[in-house]
Amino acid sequence: DEEGEWYRYHHLFSELLLYELRSIEPDLVPALRGRAGAWLEGAGYVEGAIRQATGAEDHGRAGLLIARHWYGYAVAGHYATVERWLGSLPDGTVSRDAALCLVKAWLCALSGRREECEEYLALAEGIRREGPLPDGTVSVESGAATLRAVFGFGGIGEMVEAARRADALGLDRTSPQAPLVKLGVGISWYFSGELARARRALEGGLRLVNDGHPVLRIGMLSCLSFVAGDEGHPEEAESLAREARNLVDRFGLQAIPQSTWAPIALGRVLAGRGRPEEAQEELEGALSARRRLPGLSPWPTLVGLLALAQVRAALGDRAGGREPLAEAGAILETNLDAGIFPELLERQERKVRARRPREGQLDVELTERELDVLRLLDGDLSTRHMAENLYVAPSTVRTQVKSIYRKLGVSSRAEAAEEARARGLI
């Protein structure tokens, strides 16, 4: 080549040379492939190393290479590559190897094949194996616990317990699996309603993972955006969600199921910031993708459905707002251990039932001064800052806010802004 490092043979000439070698010294072929594979792995060409091991029919070596290197490919979004590697092994090879069973379980979970995932987890846990796995996982128990913590197929309670177990196994922070454990811990705490604990775990995880592992970063950034939004930090929530969304676009991960976390996070933020049309586009796209794989973890789907119900209500589509709530209710019927979600769903349903029709005029019209206050409610200003803007006392603003709430039939700033937008008042 131009740099004087590589030689390339025409594929027909290459095949001729290999044919000649097999004809003259067939016993040398496995040894040469072994040497080539070892060099390729050492130089970072994992796919080439696996191809050499498979070509030499050294399936034990090929399986070891897959078990050692699958993680970096998976967290970069290259699921199909790892699936292809596993598919190149003889029948029964995966099911007899605990490490490969765990690899297969992860791929199934990431692709929404929940039942198949559970089958391979059970196989892995049923095979006796001591010590760490080739990818750096402390043990089979640690790997299985981490997977259950990240996806939570058995419910939020099991998710929390699995996260604690994975964390308690003392995984070294330098292990490639350490960020996965942090992600599982953070997600499980968030869905349990423990915001401070979730934040600590997720921020710790972000410090351990770089942009070369975009799938992991997308999950961490998105969940951290959920946390920031619930803590009342809309600017931070939007910044985190947009960073996650940019990673999806930058690495071309739109077809990866886990990429849907990012538009759900962004849609949720946009809904809370009074931009329902943009929010609806993000949320409906993500939920449509997740519906095509019903075996995916249900928890991000529920976050998206609850946000979509809020968005449709804000756009005046009351009937459309009930549809995602009904879908969320159906998911909860089959996932009884659901952490914060039953309460969130009930709260949303109460809002829908309590919301009066927006058609027609208000029973009592808002005054010009109340309209001025209403416009400021659709933002982040404190009562004192609103008063300064209007050149009145804070107590006057508080009185006008109470009057606005009464006239609009709402009980919070967010509801007042939402109702006002639906009525065309702001």
Side-chain angles (χ1 to χ4, degrees), residues 74 79 95 98-127 129 133 137-169 171 177 179-195 197-198 201-202 205 215-216 219-220 222-223 226-227 257-258 260-261 264 290-291 293-306 327-345:
Y79 306 165
S95 60
L100 292 177
C101 283
L102 273 180
V103 174
K104 185 70 174 181
W106 275 103
L107 292 174
C108 292
L110 290 164
S111 305
R113 288 137 52 200
R114 188 185 305 189
E115 291 184 3
E116 195 178 351
C117 169
E118 292 292 350
E119 289 174 9
Y120 278 99
L121 274 179
L123 283 171
E125 292 172 319
I127 298 171
R129 177 177 179 131
L133 306 184
T137 303
V138 170
S139 63
V140 171
E141 180 189 3
S142 170
T146 302
L147 187 152
R148 291 190 170 104
V150 170
F151 293 96
F153 291 141
I156 300 300
E158 181 185 291
M159 196 177 192
V160 172
E161 181 55 36
R164 286 175 175 164
R165 191 162 61 251
D167 204 28
L169 288 171
L171 190 66
Q177 299 287 315
L180 266 181
V181 175
K182 291 291 185 185
L183 176 62
V185 171
I187 291 173
S188 65
W189 280 130
Y190 175 71
F191 291 140
S192 304
E194 299 280 352
L195 298 184
R197 288 178 169 180
L202 292 165
V215 175
L216 262 182
M220 289 178 181
S222 299
C223 194
F226 298 162
V227 172
Q258 281 61 49
T260 55
W261 278 75
I264 288 172
R290 294 187 74 85
R291 288 187 189 105
L293 294 169
L296 289 173
S297 174
W299 317 120
T301 303
L302 285 168
V303 174
L305 288 169
L306 293 175
E327 188 176 345
I331 291 174
L332 291 180
E333 285 179 5
T334 57
N335 294 274
L336 300 179
D337 176 16
I340 60 175
F341 288 106
E343 181 182 346
L344 293 178
L345 177 60

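The closest side-chain donor-acceptor pair between Glu125 and Tyr120, if any, does not fall under 3.5 angstrom.
Considering only residues two or more places apart in sequence or on other chains, Phe153 meets the ring-ring contact (aromatic ring centres under 6.0 Å, His included) condition with Phe151.
Shortest non-hydrogen contact noted between Leu180 and Val150 is O-CG2, 3.8 Å. Of all non-hydrogen atoms in Pro257 and Leu110, the two that sit nearest each other are CG-O, 3.5 Å. The minimum heavy-atom distance linking Val227 with Ala198 is given by the pair CG2-CB, 4.0 Å.
Ion pair Glu327/Arg291 flagged as a salt bridge, since at least one NZ, NE, NH1 or NH2 atom sits closer than 4.0 Å to an Asp/Glu carboxylate oxygen.
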- [ ] Run the numbers on Gln258 and Leu296 for side-chain contact (heavy atoms from CB on, under 4.5 Å), then give the verdict.
- [x] CA-CA 9 Å; Gln258 281 61 49; Leu296 289 173; 4.1 Å; yes
Open item on the list: Evaluate Leu302 against Leu332 for side-chain contact (heavy atoms from CB on, under 4.5 Å), listing each step before the verdict.
Closed with: CA-CA 9 Å; Leu302 285 168; Leu332 291 180; 3.8 Å; yes
- [ ] Could you give me the CA-CA distance, side-chain angles and deciding distance for Tyr190 and Ile156, then say whether side-chain contact (heavy atoms from CB on, under 4.5 Å) is met?
- [x] CA-CA 10 Å; Tyr190 175 71; Ile156 300 300; over 6 Å; no
Task: Derivation of the side-chain contact (heavy atoms from CB on, under 4.5 Å) call for Arg113 and Lys104 - done: CA-CA 11 Å; Arg113 288 137 52 200; Lys104 185 70 174 181; 3.7 Å; yes
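Between Glu141 and Arg129 the shortest side-chain heavy-atom distance does not fall below 4.5 Å. At least one side-chain heavy atom of Leu202 sits less than 4.5 Å from a side-chain heavy atom of Leu183. With contacts defined as side-chain heavy-atom distances shorter than 4.5 Å, the pair Met159/Ser297 does not qualify. No side-chain heavy atom of Trp261 sits less than 4.5 Å from a side-chain heavy atom of Val215.
A donor-acceptor pair under 3.5 Å is formed between the side chain of Ser188 and the backbone N or O of Val185. The backbone N or O of Leu107 sits less than 3.5 Å from a side-chain atom of Ser111, completing a donor-acceptor pair. A side-chain donor-acceptor contact under 3.5 Å links Asn335 to the backbone of Ile331.
Between atom CZ of residue Arg290 and atom CG of residue Leu305 there is a gap of 9.5 Å, rounded to the nearest 0.5 Å. Taken from OG1 in Thr146 to CZ in Arg148, the straight-line distance is 10.5 Å, to the nearest 0.5 Å. In this structure, the separation between CD on Glu194 and OG on Ser192 is 7.0 Å, given to the nearest 0.5 Å. To the nearest 0.5 Å, atoms CG (Leu147) and CH2 (Trp106) are separated by 4.5 Å.
Taking the six-membered ring where the residue is Trp, Phe191 and Phe341 present tilted rings, their angle falling between 30° and 60°.
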